[in-house]
Amino acid sequence: MDLLELRKDLDRIDKELVRLLEERLKVCGQVASYKIETGKPVFDKERERQKIASVKELAHSPFNERAAEEMFSQMMTISRRLQYQILEEHGRKADMGFIMVDSLKKKGVRVVYQGVEGAYSHEAALKYFGGDVNAYHVKTWEDAMVEVEKGSADYAVIPIENSSAGAVIDNYDLLINHENVIVAEIFLPVSHALLGLPGAALEDVQVVYSHPQALMQCSKYLNAHPGWKQISVENTAVSAKKIIEEQDCHQAAVASESAGKLYGLSVLASAINHNKNNTTRFIILAKEKIYSRDAGRISICFELPHKIGTLYNMLGNFIYCGVNMVMIESRPIAERNWEYRFFVDIEGNLGDTAVQNALHSISEEALNVRILGNY
């Protein structure tokens with residue numbers, strides 16, 4: 001047989017496969033109708049396990065067993081998505097637990113940030129809420145989260161990722177440990193300067209202080225001075241404040257020029273971060289589970305069974321529902337070695353049917369799911 005004849009055979013088989021798939025999906029639709037009447041859940045883990053085991057027994061080689069397992073896993077995933085869609089059309093929507101508002105309140109609110117005046121988080125707060133906002137600072141990012149949780153502040157502003165240094169991983173963990181939700185985001189261009197005491201010169205510098213991310217973002221410049229000792233502190237503005245307080249001309253700080261101006265420092269070198277388009281994304285956190293009518297980005301996190309293909313199937317829910325994923329991060333789960341929690345950002349609004357279908361599917365199939373915010 002030549003290749004043309006073989007392809008004709010494949011076309012014939014594929015035509016039959018499509019016919020059988022459509023027949024199968026018709027029956028799946030009837031199953032969905034039954035589950036609407038009885039209130040049964042779509043996802044039946046034990047039934048799917050039994051089905052996979054039975055179809056593998058029908059195969060005649062180890063390779064074919066694996067192929068049958070993969071094919072039927074995908075078919076059952078498609079079946080679930082069809083059923084979720086039918087349930088959605090009949091009003092069986094998942095309760096997301098969020099309330100839509102026309103817009104976020106910005107006037108007369110109290111905003112908390114980490115660090116001291118002049119920190120980038122402070123600048124982000126001023127940029128988003130306006131220069132007359134009632135803003136105050138705390139020592140740590142977790143302190144800021146707690147202030148919102150207990151109602152002392154309406155909003156907290158914390159960094160979540162930087163275009164050069166990547167994710168602020170500690171803050172991803174805070175999103176899990178606290179019940180606050182993301183209600184907005186703001187992007188702040190970052191330009192780091194090397195700051196010293198008035199009258200100090202580059203030749204005087206021996207020690208440089210800053211936040212670890214800022215040191216990383218300026219590593220090319222700083223590492224070109226191997227004699228300088230680099231020391232991490234909790235915030236860029238804290239490093240600037242330290243220099244003015246300790247009055248040591250051998251110390252310098254990496255912070256914004258506005259922080260230098262605030263604390264009366266001199267600029268020893270401007271724009272020392274190697275990525276001149278350096279930008280930090282800040283998230284605005286609130287206690288209430290709200291989202292604005294025009295929100296277009298959703299952050300979620302979930303945990304998965306530690307099995308082959310679970311992440312692939314989970315992300316497939318976005319693909320099938322036509323939802324665009326824009327970010328994924330993973331963090332180890334502290335109490336379970338070598339297992340991970342995934343953080344995903346998608347485009348969309350909690351009021352969108354496609355988004356609801358995707359999140360409904362994920363909520364039934366993952367071990368734990370949490371919507372971190374729609375903003």
Side-chain angles (χ1 to χ4, degrees), residues 93-106 109-114 121 124-125 127-129 141-151 153-162 167-188 279-303 314-315 317-318 321 323-331 341-363 366 368-375:
K93 295 184 177 182
D95 183 8
M96 302 297 174
F98 281 70
I99 299 172
M100 186 180 70
V101 297
D102 288 331
S103 61
L104 295 180
K105 183 181 178 182
K106 292 185 179 182
V109 297
R110 200 155 189 246
V111 179
V112 63
Y113 62 93
Q114 180 269 342
S121 294
K127 183 176 180 181
Y128 186 79
F129 292 99
W141 288 318
E142 184 158 27
D143 291 340
M145 298 286 274
V146 171
E147 289 292 289
V148 172
E149 271 186 326
K150 68 183 185 182
D154 298 293
Y155 300 104
V157 179
I158 68 170
I160 197 66
E161 66 176 322
N162 176 267
V168 185
I169 56 175
D170 291 344
N171 287 347
Y172 276 98
D173 293 337
L174 289 180
L175 291 174
I176 294 299
N177 297 333
H178 298 273
E179 293 298 321
N180 301 322
V181 299
I182 307 169
V183 294
E185 66 179 351
I186 187 167
F187 296 86
L188 186 71
T279 301
T280 295
R281 181 166 76 100
F282 289 84
I283 51 176
I284 315 296
L285 296 150
K287 185 177 182 179
E288 287 186 276
K289 290 186 174 181
I290 59 174
Y291 67 99
S292 58
R293 187 181 300 275
D294 61 351
R297 183 173 180 139
I298 301 170
S299 294
I300 67 170
C301 67
F302 53 80
E303 300 167 22
M314 195 63 58
L315 299 182
N317 288 304
F318 298 130
C321 293
V323 175
N324 186 38
M325 184 178 74
V326 293
M327 188 281 298
I328 182 168
E329 288 280 348
S330 65
R331 293 288 294 140
R341 180 179 292 114
F342 294 90
F343 294 83
V344 170
D345 284 0
I346 59 174
E347 292 179 344
N349 187 284
L350 289 175
D352 298 341
T353 299
V355 168
Q356 290 177 358
N357 285 340
L359 295 181
H360 192 169
S361 303
I362 289 172
S363 66
N368 292 295
V369 180
R370 184 170 154 199
I371 300 173
L372 300 173
N374 187 192
Y375 48 97

Is there a donor-acceptor pair closer than 3.5 Å between any side-chain N or O of [X] and the backbone N or O of [Y]?
X    : Y    : value
N180 : L285 : no
D345 : R297 : no
N368 : C301 : no
Q114 : I158 : no
N317 : M314 : yes
N349 : G351 : yes

Evaluate the side-chain proximity of [Y] to [X]: yes if any heavy-atom separation is below 4.5 Å, no if none is.
X    : Y    : result
I99  : E288 : no
L188 : I186 : no
V168 : I160 : no
I290 : L104 : yes
V112 : V148 : yes
Y375 : I284 : no
V181 : Y291 : no
L350 : M100 : no

For this session: May I have the step-by-step check of ring pair (Phe, Tyr, Trp, His ring centres under 6.0 Å) for Y128 and Y155, ending in yes or no?
Result: CA-CA 11 Å; Y128 186 79; Y155 300 104; 7.6 Å; no
For this session: Go through the steps to decide whether I283 and L175 satisfy the test side-chain contact (heavy atoms from CB on, under 4.5 Å), and finish with yes or no.
Result: CA-CA 11 Å; I283 51 176; L175 291 174; 4.1 Å; yes
Problem set entry | Residues in salt bridge (Lys or Arg N to Asp or Glu O under 4.0 Å) contact with E329, at least two apart in sequence or another chain | none
For this session: Answer yes or no: is there an ion pair linking D102 with R293, defined by an N-O contact shorter than 4.0 Å?
Result: yes
For this session: Can you label the angle between the Y172 ring and the F343 ring as parallel, tilted or perpendicular, going by 30° and 60°?
Result: perpendicular
